[in-house]
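First comes the structure, then the notes that go with it.
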Amino acid sequence: MSKKGKIKILFAEDLPTDVDLARWEISRVFPEIEAAVVDTEHDFMEKLKEFSPDLVISDYLMPGFDGMRVIELVLKNAPELPVIILTGSMNEDTAAECMKAGAIDYVIKEHMARLPYAVVEALEKKEIKIAKEKAEKALIESEKKFRLLAEKANDLIYRYELYPEEGFSYVSPASVRITGYTPDNFYKDPDLITRIVHSEDRDRLLNITNYYITHSEQRETLTMRWVRKDGKVVWIEQQNVRIFDDNEKLIALEGIARDVTERHEAAERIREAFYSIITVVSDILTARDPYIEYHHRNVSRLSSKIAEKIGLDDTRIEAVKVAGLLHDIGKIAIPAEILSKPGKLNDKEFSLIQQHSIVGYNILRNTRLPWPVAEIIHQHHERLDGSGYPGKLKGNEICVEARIIAVADVVEAMTSHRPYRPAHKMETALEEIRGKSGTAFDSRIVEVCIGLIENGFDFKQDASKN
């Protein structure tokens with residue numbers, strides 16, 4: 001056992017020789033001992049206050065004063081202080097009684113050599129106890145602060161238990177303002193959160209919950225619609241944090257839900273204005289080439305559906321939608337007589353046509369769009385086998401969004417009338433992309449595109465909606 005530092009010991013003992021023997025044994029581990037010795041309750045209480053000992057060592061039996069009373073006084077006045085009972089003899093029942101009363105250990109005087117070990121263990125337990133009490137106190141204070149913040153917060157703060165039983169263990173008062181339901185409503189009805197989610201968003205909620213349970217990484221902020229108690233639909237932004245136990249088992253979700261209805265509606269107005277501008281640009285292209293009246297919108301619609309089906313996130317789906325509407329913007333620099341030429345284009349004319357993806361890229365590359373639309377437009381005529389233009393890119397050099405538009409562009413163009421040929425049947429267009437699947441076109445995208453059309457997607461059916 002290594003040497004320890006200085007300690008202060010309060011002895012409750014009526015035999016000085018026993019105190020000397022105890023000090024000698026303890027000094028083998030603690031060379032510096034400051035001791036105070038008492039044998040009455042009155043003196044014990046005074047020293048307990050003024051001496052501030054690190055631990056108490058008490059004889060079990062003394063005239064008019066005993067170890068059980070010492071334990072009682074310590075627990076009442078200095079509960080963090082460890083007490084070791086030191087006695088001439090002790091049976092198991094008496095030892096158990098002392099330990100039950102609050103003693104941290106007992107040592108029989110005949111086995112005094114064990115005392116320093118008991119002291120070391122007692123002081124270690126004291127440190128652990130103090131640290132635990134501090135941590136518990138800090139936790140309580142933290143919880144109080146959290147509660148105060150949560151009670152006053154405008155956002156809905158919650159904890160949903162997943163184990164051992166599912167249900168809310170905390171819902172902040174903001175639930176009334178945001179949902180119309182009280183915290184008690186959520187406590188009593190764990191399925192309430194599922195029911196208040198808009199019917200069109202419930203599958204997303206289920207998918208997200210399952211994702212949290214089966215995957216280790218956190219998911220990004222989730223935005224969905226909730227239906228208030230009064231029937232009003234509100235947009236909610238949620239952020240969840242997963243809580244694990246010591247065995248790394250997922251036991252709960254803690255989160256914040258914020259009403260972002262006003263922000264969402266403002267964003268929708270901006271979005272509508274943005275798309276109206278894009279539509280104007282698309283209409284300008286159509287005015288120069290009336291044979292492509294619905295081409296851009298149809299390519300955008302089909303591309304968006306493909307992007308959704310292959311699992312792109314909302315941001316990338318939006319990028320595909322916008323790029324689909326603008327993919328031919330570069331044709332604004334091509335003479336109208338070439339665009340509407342009824343016969344076959346010569347090499348020079350075809351070379352001009354091929355420049356439209358570069359022109360489109362140059363037009364949009366400096367715009368501050370939240371998506372890489374310029375690059376998608378730049379690549380939408382590239383082919384996986386390197387047979388496309390303008391960069392002869394191959395395979396993964398071509399972004400997924402451009403690969404999607406490439407397939408949708410071919411299908412829509414082939415099934416539409418052009419000045420140099422009549423419209424092909426849809427079967428012919430599908431055969432074209434099927435035949436080049438895995439070479440010119442991404443096979444997965446081709447498969448999804450064909451599946452969409454075979455399951456009812458129809459350009460003509462929705463042309464009037466464009």
Side-chain angles (χ1 to χ4, degrees), residues 1-140:
M1 188 181 296
S2 61
K3 297 286 185 179
K4 306 291 182 178
K6 181 178 179 179
I7 59 169
K8 298 172 71 175
I9 303 174
L10 175 57
F11 286 93
E13 175 63 70
D14 61 334
L15 295 176
T17 54
D18 286 346
V19 174
D20 292 340
L21 181 58
R23 289 188 62 172
W24 184 85
E25 289 288 353
I26 296 171
S27 67
R28 292 188 295 117
V29 177
F30 296 90
E32 297 184 61
I33 301 173
E34 186 178 349
V37 183
V38 297
D39 59 5
T40 67
E41 181 173 331
H42 177 270
D43 291 344
F44 179 81
M45 287 302 300
E46 283 194 348
K47 287 295 182 183
L48 192 63
K49 295 176 183 178
E50 67 183 40
F51 184 58
S52 300
D54 294 307
L55 79 158
V56 172
I57 297 177
S58 174
D59 192 359
Y60 181 66
L61 289 175
M62 292 176 288
F65 191 42
D66 61 23
M68 295 297 287
R69 180 58 178 163
V70 167
I71 295 170
E72 182 182 345
L73 293 172
V74 168
L75 288 176
K76 182 178 180 181
N77 297 280
E80 76 285 351
L81 203 60
V83 177
I84 297 175
I85 297 298
L86 187 63
T87 183
S89 62
M90 182 175 287
N91 58 41
E92 291 185 2
D93 291 340
T94 306
E97 185 181 357
C98 288
M99 299 296 284
K100 186 177 180 181
I104 202 163
D105 205 348
Y106 68 91
V107 174
I108 297 173
K109 292 180 180 180
E110 293 178 0
H111 302 143
M112 190 74 78
R114 199 181 76 81
L115 183 58
Y117 295 90
V119 170
V120 169
E121 186 176 357
L123 293 176
E124 288 177 349
K125 287 181 178 179
K126 175 186 176 183
E127 289 180 3
I128 292 172
K129 182 180 180 182
I130 291 174
K132 183 180 178 182
E133 288 175 350
K134 285 183 178 179
E136 289 175 349
K137 184 177 180 181
L139 180 61
I140 291 171

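The first residue of the sequence shown is numbered 1, and numbering continues consecutively from there.
In this structure, the separation between CD1 on Ile26 and CE on Met112 is 8.5 Å, given to the nearest 0.5 Å. Once rounded to the nearest 0.5 Å, the distance linking CD1 of Ile7 with OG of Ser27 reads 10.0 Å.
Judged as a side-chain contact (heavy atoms from CB on, under 4.5 Å), and not counting sequence neighbours, the contacts of Val37 are Phe11, Val19. Here His111 pairs with Ile108 under the side-chain contact (heavy atoms from CB on, under 4.5 Å) rule; sequence neighbours left out. Residues satisfying the side chain to side chain donor-acceptor pair (under 3.5 Å) criterion with Lys126, sequence neighbours excluded, are absent altogether. When the salt bridge (Lys or Arg N to Asp or Glu O under 4.0 Å) test is applied to Glu127, no partner is found at least two apart in sequence or on another chain. Residues passing the salt bridge (Lys or Arg N to Asp or Glu O under 4.0 Å) test with Asp14: none are found, sequence neighbours excluded. Shown here are the side-chain contact (heavy atoms from CB on, under 4.5 Å) partners of Ala135, two or more places apart in sequence or in another chain: there are none.
Contact detail for Ala22 and Leu86: the closest heavy-atom pair is CB-CD2, 4.3 Å. Pairing each heavy atom of Leu75 with each of Gly102, the nearest pair is CD1-CA, 4.2 Å. Residues Arg28 and Pro116 approach most closely at NH2-CG, 3.5 Å, considering heavy atoms. Of all heavy-atom pairs between Leu81 and Val74, the closest is O-CG1, 3.5 Å. Heavy-atom minimum distance, Glu25 versus Ala113: OE1-CA, 3.6 Å. Here the closest non-hydrogen pair linking Ser58 and Gly67 is OG-CA, 3.6 Å.
Screening residues 61-85 for side-chain hydrogen bond (donor to acceptor under 3.5 Å, both in side chains) gives Glu41-Arg69, Arg69-Glu72 as the qualifying pairs, with residues at least two apart or on separate chains. Residue pairs satisfying the salt bridge (charged side-chain N to carboxylate O under 4.0 Å, His left out) criterion with at least one member in residues 95-123, sequence neighbours excluded, are listed as follows: Glu13-Lys109, Asp18-Lys109, Asp59-Lys109, Asp105-Arg114, Glu121-Lys125.
Considering only heavy atoms from C-beta on, Thr94 stays 4.5 Å or farther from Thr87 through its side chain. Residues Ile71 and Ile85 have side chains in contact (heavy-atom distance under 4.5 Å, counting atoms from C-beta outward). Two residues are said to be in side-chain contact when any heavy atoms from C-beta on lie closer than 4.5 Å; Val120 and Phe30 meet this criterion. No side-chain heavy atom of Phe65 sits under 4.5 Å from any side-chain heavy atom of Asp43.
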Leu21 and Leu115: CA distance, side-chain angles, deciding distance, side-chain contact (heavy atoms from CB on, under 4.5 Å) verdict: CA-CA 10 Å; Leu21 181 58; Leu115 183 58; over 6 Å; no

List, one per line, each side-chain donor-acceptor pair under 3.5 Å for residues 48-56, sequence neighbours excluded.
unit_1	atom_1	unit_2	atom_2	d
Glu50	OE2	Lys47	NZ	3.4
Asp54	OD2	Lys8	N	2.7

